Each structure stands twice: as C-alpha cells, then as structure tokens.
There are 2 protein chains.
Amino acid sequence: MIKKNIQRIIQYRMCLLKFQNLGFEKIFSYTLAQEIGVSPEQVRKDFSQFHLRGNKKAGYLIQDILDQINDLLHKEDIHKIIMVGLGNIGQALIKYKGFANRNMQLVAGFDIDPAKLKKTCRIPTFHSKEIPAVVKKENVRLGIIAVPEAAAQEACNTLIEAGIKGILNFAPVMLKTPPDVVVQNISVCGELEALVYVTEKDKQK
Amino acid sequence: MIKKNIQRIIQYRMCLLKFQNLGFEKIFSYTLAQEIGVSPEQVRKDFSQFHLRGNKKAGYLIQDILDQINDLLHKEDIHKIIMVGLGNIGQALIKYKGFANRNMQLVAGFDIDPAKLKKTCRIPTFHSKEIPAVVKKENVRLGIIAVPEAAAQEACNTLIEAGIKGILNFAPVMLKTPPDVVVQNISVCGELEALVYVTEKDKQK
DNA sequence: ATTAAATTGTTAATTTATAAACAAAAAGAT
DNA sequence: ATCTTTTTGTTTATAAATTAACAATTTAAT
Ligand SMILES: NC(=O)c1ccc[n+]([C@@H]2O[C@H](COP(=O)([O-])OP(=O)(O)OC[C@H]3O[C@@H](n4cnc5c(N)ncnc54)[C@H](O)[C@@H]3O)[C@@H](O)[C@H]2O)c1
Ligand SMILES: NC(=O)c1ccc[n+]([C@@H]2O[C@H](COP(=O)([O-])OP(=O)(O)OC[C@H]3O[C@@H](n4cnc5c(N)ncnc54)[C@H](O)[C@@H]3O)[C@@H](O)[C@H]2O)c1
C-alpha cells in the first residue's frame with residue numbers, strides 16, 4: 001500500500017549514513033544502487049521524483065541529500081510510539097537500542113496482565129485502559145500492536161479511538177481501520193512461507 | 001522481489017483457515033477480498049493464476065482451495081529453521097508458539113556469546129561455529145539473522161557457506177548474497193518511518 | 001420452461017513500476 | 001581550445017500489477 005519509492009528513499013538514507021560514517025562526502029547513483037540491490041536508473045528516478053539533485057559527473061553530495069531526505073521523513077521531530085502487548089515481542093522491542101538514532105521513541109507500554117506491568121522496565125507501563133489518557137497527554141500518533149491474534153482488533157480499535165494514525169501490527173490478522181489510519185503488518189511466518197515457496201521453486205530448476 | 005500474488009496467496013490461506021474454523025465450507029471472492037483489503041477481481045485473478053477454481057454462483061470450496069494452496073506452499077513438509085543471534089529478538093522468536101501450526105520449526109539457535117548459550121531454552125543452542133555441522137545434519141534450508149548490524153553480513157556468509165537458501169534478516173543492512181540465496185528483510189524502524197511519512201502527509205490534507 | 005440474479009474466470013484496458021535510451025553538463029585529457 | 005569520458009536527469013519504452021468489463025454458467029424464482 002505504501003509506495004515503493006518512499007520505501008527505497010528510507011533505504012537510501014541508511015546507506016548514505018553508512019557512507020558518510022565511512023568518511024565519504026559524495027556518492028554516485030551506481031554505488032547506492034549496488035548497495036540496496038536496484039539499478040542506478042532506479043536511484044536517479046527516485047531522486048528525481050523527490051527533487052533530490054546531484055551534480056553531473058560529480059554524483060550526489062551526501063550531506064545535502066541526507067538533509068532533504070530527513071526533511072521528507074520528518075526527522076526534525078522525535079516520533080513517539082506506544083506499544084500494546086508486553087509479551088515476547090513487546091519485551092524485545094522495549095529492550096531494543098536502535099530506535100533512538102532513528103528519531104523514534106517508545107514512550108509507553110500497555111498490557112492487561114498485571115504481572116507484565118510489575119516488571120521493571122526501561123519505559124513506563126500501564127494497563128491498557130490508560131491508552132487514551134497517555135496518547136492524549138503525550139500526543140502520540142504511532143502505535144505497535146504486539147498482542148495475541150484474538151486481542152489484536154480490539155487493541156486496534158482502542159488505538160484508533162485514542163487518536164493513533166499509524167499502526168505497526170505484529171499479530172497475524174488483517175486489522176480493520178478507517179481510511180485515515182494506516183497499518184503496516186509484520187508477518188514473520190508469512191515471510192518464511194514466501195521464502196519456502198521461492199527457494200523450493202529454485203530447487204526444481 | 002517476491003511476487004505480490006504469492007504473498008497474497010499466503011494471506012488468503014490464513015483467511016480461509018479462519019473461515020473454516022468459523023464453520024464455513026464455502027466462501028466468495030468478495031468475502032476474501034474484504035478480509036484482506038483487495039478487490040474481488042484481484043482474488044479471482046490470483047486464484048486463476050494458480051489454477052484455483054471455484055464454482056459459478058457457488059463460490060470456492062474452502063477445503064479444496066486450502067488443499068491446493070497447501071501444496072503450493074509445501075505444507076506437507078515441516079520446514080526447519082535455524083537462528084543466528086540469541087539476543088532480544090532471538091529470544092522472542094524462540095519463545096514464539098506460532099511456528100508449529102504453520103509447519104515451521106526452529107531447530108537450533110546460535111550465538112558467539114557463551115552467556116547466551118548457557119540459558120536453558122526450548123531449542124538446542126550452539127556456538128556459531130557449529131552452524132555448518134547442524135545445517136548439514138538436520139538438512140536445514142532456512143535461517144534467521146538476529147545479530148547486530150556489524151555481524152550480519154558475516155553471519156549471512158556463514159549461512160550461505162553452510163547451504164542455507166532462504167534468509168529472514170532482522171538486521172538493518174542489505175545483505176549481499178548469490179542469486180540462489182533469497183533474503184527477506186524485516187525492518188521495524190523502516191516500517192515506522194514509512195508510517196510517519198504517510199500519516200504526516202495525510203495530516204496536511 | 002423462461003427469466004432473473006449471482007458469481008466465476010478470462011480477456012481487455014488502465015495504471016503503476018521498472019528499465020532503457022539519450023541529451024546535457026561537467027571534468028579531465030590531449 | 002577541443003575532444004573524450006563520466007554521470008546526471010529526463011524522456012521514452014517495456015514490463016508488471018491492478019482494475020474493469022463481460023461472457024459463461026449455475027441457481028433460484030416466476
Ligand atoms: N514472539 C514472536 O516471535 C512472534 C513472531 C511472529 C508474530 N508474533 C505475533 O506477535 C503477537 C505477540 O506475540 P508474543 O509472542 O509477544 O505473545 P505473548 O503471548 O508473549 O504476549 C502477548 C501479550 O499481550 C497481552 N495481551 C493480551 N490481550 C491483551 C489486550 N487486550 N490488551 C493488551 N495486552 C494484551 C498479554 O498479556 C501478553 O503479555 C502475537 O499476535 C503473535 O502472533 C510474535
Ligand atoms: N530487538 C528489537 O526489537 C529489534 C528491532 C528491530 C531490529 N532489530 C535488529 O535485530 C538484530 C538483533 O537485535 P537484538 O535487539 O536482538 O540485539 P541483541 O544485541 O540483543 O542480540 C544480538 C545477539 O547476537 C549475538 N551475536 C553477535 N555477533 C554474533 C555473531 N557473529 N554470530 C552469532 N551471534 C552473534 C550477540 O551475542 C547477541 O546475543 C539487530 O541487528 C537489530 O538491529 C532488533
């Protein structure tokens with residue numbers, strides 16, 4: 001549902017950061033293309049569509065492109081996220097150190113199981129009934145659903161009701177949402193099934 | 001890289017199982033379409049491409065279509081998976097109960113940190129140097145990478161060398177692989193960044 | 001028995017995405 | 001100063017994916 005070109009822009013950004021950390025100031029479409037596994041034409045087309053300009057014969061100025069991509073992706077802000085479900089996946093995400101340097105911040109976790117709320121934790125945790133209050137107080141727009149399949153739609157409804165506009169869903173169900181609420185699904189088993197399909201097909205050749 | 005139609009077939013399967021558990025024997029393209037958020041024409045087109053036939057005016061026989069999709073997805077076999085990296089994500093996956101009923105089985109976990117290998121665990125764990133031996137002995141074709149970014153390509157190379165053909169990668173890097181080894185990336189931050197982009201764009205309207 | 005309604009499955013049209021082609025500009029070489 | 005090479009950026013072409021159209025068939029209704 002989300003356009004492919006913006007997804008690649010997100011990848012280019014990571015790649016540009018990598019090369020910048022390696023000490024480079026400029027980069028060619030060819031290099032970026034190789035890194036993320038597309039054609040150089042694709043890179044130039046994507047850049048063109050987002051008005052990211054380089055220099056003939058001299059490639060792209062990494063800092064310049066990064067500044068503009070950061071603008072596009074609203075990297076001037078820190079994006080607050082709440083998480084519903086503090087089980088296996090929930091705990092793993094809470095412990096994850098990688099959010100900060102992508103300007104993401106898990107501001108609170110929620111569960112209905114009092115045992116899960118007792119654990120000391122890097123972020124404040126509350127009973128799910130507190131979701132509307134916290135979302136309003138912290139002005140949060142993004143939520144992660146990490147509850148069992150059976151509870152996912154209900155959790156989703158609560159998030160929508162509270163004013164969340166983007167949901168990352170780990171539960172293996174398609175959530176029903178109004179048009180102004182966007183869902184991205186992460187399906188570990190689904191991806192593995194797709195891998196089985198393609199690798200078994202390759203085998204036959 | 002993996003075709004969209006097969007990814008939807010995987011979704012249809014989950015949906016068919018759901019309706020079967022609800023007691024239904026037949027289903028219409030319209031219902032499936034609504035459930036996974038596509039048009040009925042898309043469902044019929046996908047089914048047509050995989051030779052999944054229904055009955056005019058009577059829809060699709062759930063059991064029949066399931067049997068055929070199960071064939072397509074090689075659901076007659078249990079697919080063995082190994083995992084490299086037993087940190088936050090690795091532990092969450094090991095504890096995950098949902099693999100079994102999708103015919104997936106985590107058969108071993110690997111790490112280089114002896115502390116991680118000491119923990120008692122639902123599956124056997126080994127030092128990473130044992131990867132080739134285990135892959136060969138168990139005849140594993142799928143691997144999950146859940147190591148830090150800096151170690152991901154090395155882990156990937158080890159898996160490839162050992163004979164793994166499909167890799168699910170949680171590290172935020174694009175892995176370099178030969179053409180016969182397929183990678184699926186799971187990028188939590190990337191998905192969140194995409195959500196920020198679309199939800200902020202919606203806001204402007 | 002005929003007609004109407006519903007639903008599939010295929011074909012055609014449209015849209016979107018990717019790839020190819022190439023002109024324009026810049027840098028460097030002769 | 002002129003020519004060659006490199007690389008961008010746009011335009012054109014091709015391919016892939018989605019949507020629309022509609023004939024064919026089945027069921028049910030009159
Ligand atoms: N763990 C994994 O590796 C993994 C992999 C793929 C998919 N998933 C999916 O992610 C989701 C979470 O998986 P998990 O392994 O962390 O499960 P889990 O059972 O460990 O955790 C689920 C948590 O949600 C809480 N919960 C239940 N109902 C709730 C509600 N209505 N409101 C708030 N909290 C509620 C439970 O108390 C529990 O703490 C599941 O849908 C699962 O299918 C998990
Ligand atoms: N935890 C999350 O929620 C989360 C979210 C998004 C992405 N990721 C990505 O997933 C990966 C794992 O994240 P994590 O939070 O589980 O990290 P972690 O640090 O908790 O775990 C990484 C594990 O890998 C092991 N390891 C390091 N080098 C290794 C090697 N060469 N061979 C085998 N094992 C090795 C470490 O000993 C450690 O146990 C990272 O790349 C991270 O960026 C994690």
Side-chain angles (χ1 to χ4, degrees), chain A residues 1-12 15-16 19 24-69 72 174 179 182 190 194 197-198 201, chain B residues 1-12 15-16 19 24-69 72 174 179 182 190 194 197-198 201:
Chain A
M1 190 212 165
I2 285 170
K3 286 256 181 64
K4 287 263 186 92
N5 56 6
I6 193 68
Q7 309 206 52
R8 282 192 300 266
I9 290 287
I10 289 167
Q11 292 190 286
Y12 297 141
C15 187
L16 289 166
F19 276 79
F24 293 91
E25 290 185 346
K26 297 188 301 187
I27 196 166
F28 297 134
S29 59
Y30 173 84
T31 315
L32 273 169
Q34 265 216 327
E35 281 292 309
I36 81 157
V38 299
S39 69
E41 293 83 5
Q42 182 75 80
V43 175
R44 300 206 295 274
K45 184 107 204 187
D46 288 335
F47 277 21
S48 172
Q49 280 173 335
F50 289 98
H51 311 107
L52 307 171
R53 300 305 170 78
N55 308 289
K56 302 260 159 86
K57 185 105 202 251
Y60 299 90
L61 222 57
I62 292 178
Q63 185 61 61
D64 177 48
I65 302 292
L66 271 175
D67 287 346
Q68 291 180 68
I69 294 183
L72 270 174
M174 293 299 289
V182 187
Y197 179 78
V198 293
K201 215 168 63 167
Chain B
M1 188 210 167
I2 285 171
K3 285 257 182 66
K4 287 263 186 91
N5 56 6
I6 193 67
Q7 309 206 52
R8 281 191 300 266
I9 291 288
I10 289 167
Q11 292 190 287
Y12 298 140
C15 188
L16 289 166
F19 276 79
F24 292 91
E25 289 185 346
K26 298 187 301 187
I27 196 166
F28 298 134
S29 60
Y30 173 83
T31 314
L32 274 168
Q34 265 215 327
E35 281 292 308
I36 80 157
V38 299
S39 69
E41 293 83 6
Q42 182 75 84
V43 174
R44 299 206 296 275
K45 183 109 206 185
D46 289 335
F47 277 22
S48 172
Q49 281 173 333
F50 289 98
H51 311 108
L52 307 171
R53 300 305 169 80
N55 308 289
K56 301 259 159 84
K57 186 102 202 252
Y60 299 91
L61 222 56
I62 293 178
Q63 185 60 60
D64 176 48
I65 301 292
L66 271 175
D67 287 346
Q68 292 181 67
I69 294 184
L72 270 174
M174 293 298 292
V182 187
Y197 179 79
V198 293
K201 214 166 68 166

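The shown structure was predicted, so the numbers you read here are calculated from the model rather than taken from an experiment. Below, chains carry the letters A, B, ... as their sequence lines are ordered, and counting in each starts from 1. These numbers come from the heavy atoms of this one structure, side chains and all, not from hydrogens, waters or symmetry mates.
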Quiz prompt | Whole-Å gap separating P (C/dT10) and NE2 (B/His51) | solution = 8 Å
Quiz item: For the residue pair B/Tyr12 and B/Phe47, does the interplanar ring angle fall in the parallel (under 30°), tilted (30 to 60°) or perpendicular (over 60°) class?
Solution: perpendicular
Quiz prompt | d(CD1, A/Ile36; P, C/dT18) in whole Å | solution = 10 Å
Quiz item: Looking at D/dT8, D/dT18, C/dA19, which one has an atom nearest to any side-chain atom of A/Ser29?
Solution: D/dT8
Quiz item: What does B/Glu41 touch in the nucleic acid at a heavy-atom separation under 4.0 angstrom: a base, only the sugar-phosphate, or nothing?
Solution: base
Practice problem: For A/Tyr60, report the nucleic acid contact type (base, sugar-phosphate, nothing); a contact means any heavy atom under 4.0 Å. | Solution: sugar-phosphate
Quiz item: At what distance, to the nearest 0.5 angstrom, does CG of B/Leu16 lie from CG of B/Asp67?
Solution: 11.0 Å
Self-check item: Separation of atom NZ in A/Lys26 from atom P in D/dT8, rounded to whole Å
Solution: 11 Å
Quiz prompt | Rounded distance in Å - NZ (B/Lys4) to P (C/dT15) | solution = 17 Å
Quiz item: Between OG of A/Ser29 and NZ of A/Lys45, what distance do you get to the nearest 0.5 Å?
Solution: 14.0 Å
Practice problem: Between B/Asp46 and A/Gly59, just flag the one whose closest nucleotide in DNA chain D comes earlier from the 5' side. | Solution: A/Gly59
Quiz item: Within the distance-only criterion (no hydrogens, no angle test), does the side chain of B/Gln7 pair as donor or acceptor with the backbone N or O of A/Ala194 below 3.5 angstrom?
Solution: no
Quiz prompt | Protein-nucleotide distance (B/Phe47, atom CZ; D/dA17, atom C1'), rounded to Å | solution = 18 Å
Quiz item: When rounded to the nearest 0.5 angstrom, what distance separates CG in A/Asp46 from NZ in A/Lys4?
Solution: 11.0 Å
Quiz prompt | Nearest-angstrom distance from the residue atom CZ of B/Phe28 to P of D/dT26 | solution = 15 Å
Quiz item: Out of D/dT7, C/dA12, C/dT8, which has the shortest distance to the side chain of A/Lys57?
Solution: D/dT7
Quiz prompt | B/Lys45 side chain, from C-beta outward: closest of D/dT19, D/dC22, C/dT18 | solution = D/dT19
Quiz prompt | A/Arg53 vs C/dA25: side-chain N/O to OP1/OP2 distance below 4.0 Å | solution = no
Quiz prompt | Side-chain N,O (A/Arg44) to OP1/OP2 (C/dA20) below 4.0 Å | solution = no
Quiz item: Base, sugar-phosphate alone, or nothing: which one does A/Asn55 contact when heavy atoms must sit under 4.0 Å apart?
Solution: sugar-phosphate
Quiz item: Does the base of D/dT26 carry an N or O that pairs as donor and acceptor with the side chain of B/Lys56 under 3.5 Å?
Solution: no
Practice problem: Measure the distance from CD1 on B/Ile6 to P on D/dA17 and round it to the nearest whole Å. | Solution: 13 Å
Quiz prompt | Value in whole Å for how far the P atom of D/dA13 lies from CD of A/Gln42 | solution = 19 Å
Self-check item: Selected nucleotide, minimal atom distance to A/Ser48 side chain, candidates C/dA26, C/dT18, D/dT10
Solution: D/dT10
